[in-house]
Amino acid sequence: MTEATWGESAKTPDINWRMSASLENVPRGDTDIAEVTNLERAVRDWVRLDPEHREAATLTTDHAVQIEGVSSTTLTGEAIAALAEHLPPTPTVEE
């Protein structure tokens, strides 16, 4: 018998921030090449974009990511913003 889980954790299970992801439709110098990196870095890069480029960007992941009960491998706009709300804290550098 399997036990069902309800509540907020069921809507957004743990996210694998180390999986491969690409951030596309973002200008990089004179080109518009997709950058393949890990999911955390791609989302942090998206957060630093200006609003116009955030809206045009597409994030594609190796595996489906579930945010607020919706599972997808391709995210844009508000879906990336929802994912950004779950970013792990940035490590601090001790001096």
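If you're wondering where the values come from, they're calculated on a predicted model, not measured in any experiment. Computed from heavy atoms alone, side chains included, the values below leave out hydrogens, waters and symmetry copies. All residue numbers refer to positions in the sequence shown, counting from 1.
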Nearest heavy-atom neighbours spanning [X] and [Y]:
X	Y	answer
His63	Thr61	O-OG1, 2.6 Å
Leu23	Trp46	CD2-N, 3.9 Å
Ala82	Glu68	CB-OE2, 4.2 Å
Ser22	Val36	CB-CG2, 4.0 Å
Asn38	Arg41	OD1-N, 2.8 Å
Ala57	Ile80	O-CD1, 4.2 Å

Under the salt bridge (Lys or Arg N to Asp or Glu O under 4.0 Å) test, which residues partner Arg18, sequence neighbours left out? none

So do Leu83 and Trp17 actually touch side chain to side chain, heavy atoms under 4.5 Å?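 Side-chain contact under 4.5 Å: yes.
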
Beyond-backbone contact of Val47 with Arg54, side-chain heavy atoms, under 4.5 angstrom: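 They are in side-chain contact.
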
Donor-acceptor pairs are to be reported for all side-chain atoms of residues 71-78 against protein atoms at under 3.5 Å, with residues two or more places apart or in another chain.
{"from": "Ser72", "atom 1": "OG", "to": "Thr74", "atom 2": "N", "distance (Å)": "3.1"}
{"from": "Ser72", "atom 1": "OG", "to": "Thr74", "atom 2": "O", "distance (Å)": "2.7"}

Euclidean distance, Leu59 CG relative to Leu39 CG, rounded to 0.5 Å: 6.0 Å

Atom pair CD/OG1 of Glu24 and Thr60 - distance to nearest 0.5 Å: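 Answer rounded to 0.5 Å: 4.0 Å.
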
